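Any value given below was found using the heavy atoms of this structure, including those in side chains, with hydrogens, waters and symmetry copies removed. Note that the structure is a prediction, hence the values are computed from the model and not measured.
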Amino acid sequence: MKRLVIFAAYEKSGIVYDYVLSYLEYLRQISDAIVFVADNEPNPAELSKLAPFVNHIECSHHGEYDFGSYKRGFNYAKSHYLLDDTDEVLFCNDSCFCTDCLSAVFDKMQSSACDFWSMTGSYEYEEHLQS
C-alpha cells in the first residue's frame, strides 16, 4: 500500500512547532511521501526542521487556508507523478495533534471496503466527516 500525505500548515511567523514535527514523524511512519504546504512566508531557519520528514516544501502566503494548501500540494504531486502509483492520499493539517503511532488505525482501515474515511466526524448542521 503506497500512501502520500499532503500536509497543510499556517503559522504567521513561520515557526515550525514541536507538535507539528511529532505529527509529521508519525505520518512518515505510515506514508511513502509527504508534501508540506504552508500558507505563510518561509522562515528559512525553521524549514530545516522539516527535512527529516517531508519530501517537498512549499511556503508562500496564498490566503486560501488549508484547502488552498491541499490544492497546491495535490497539483505538485500530480505534476511530479507522485499520484501515479499511490493507493491512498491523506490530507492532514497542523490544527490537529497526533499523540501516538497511526499504524493500528491504518492497518484496520486497510481491510475496510470504502473509498474515503476520516478519523472524526461531526453532527453540527448535518452529519459530515471532519477535515
- Note on the structure: Taken in chain and number order and not counting sequence neighbours, the residues that satisfy side chain to side chain contact (heavy atoms under 4.5 Å, CB included) with E64 are H62, K71, R72

- Item | Which residues share a ring-ring contact (aromatic ring centres under 6.0 Å, His included) with Y19, sequence neighbours left out | F97

- Message: Can you pull out every salt bridge (Lys or Arg N to Asp or Glu O under 4.0 Å) where at least one residue sits in residues 9-20? Sequence neighbours excluded, please.
- Response: none

- Query: Which residue pairs pass the salt bridge (Lys or Arg N to Asp or Glu O under 4.0 Å) test with at least one member in residues 22-40, sequence neighbours excluded?
  - Reply: none

- Applying ring-ring contact (aromatic ring centres under 6.0 Å, His included) to H80 and not counting sequence neighbours gives Y76

Only pairs under 3.5 Å count here: list side-chain donor-acceptor contacts from residues 103-112, not counting sequence neighbours, and write none if there are none.
residue: S111; atom: OG; partner: K108; partner atom: O; Å: 2.9

- Set of side chain to side chain contact (heavy atoms under 4.5 Å, CB included) partners for S79, sequence neighbours left out: none

- Query: Just checking, any donor-acceptor pair under 3.5 angstrom between side chains of Y17 and D94?
  - Reply: no

- Task: Report the residues that fulfil side chain to side chain donor-acceptor pair (under 3.5 Å) with S48, sequence neighbours left out, ordered by chain and then residue number.
- Result: none

- Item | For D85, salt bridge (charged side-chain N to carboxylate O under 4.0 Å, His left out) partners two or more places apart | K2

- Pairs in or reaching into residues 41-60: which pass salt bridge (Lys or Arg N to Asp or Glu O under 4.0 Å), with residues at least two apart or in two chains? E46-K49

- Query: Who passes ring-ring contact (aromatic ring centres under 6.0 Å, His included) against Y23, sequence neighbours left out?
  - Reply: F7

- Check the pair N93, Y70 against side chain to side chain contact (heavy atoms under 4.5 Å, CB included), reporting the backbone distance first and the verdict last. CA-CA 9 Å; N93 67 59; Y70 295 149; 3.3 Å; yes

- Message: My understanding is that only residues two or more places apart in sequence, or in another chain, count here; which of them pass side chain to side chain contact (heavy atoms under 4.5 Å, CB included) with S22?
- Response: Y26

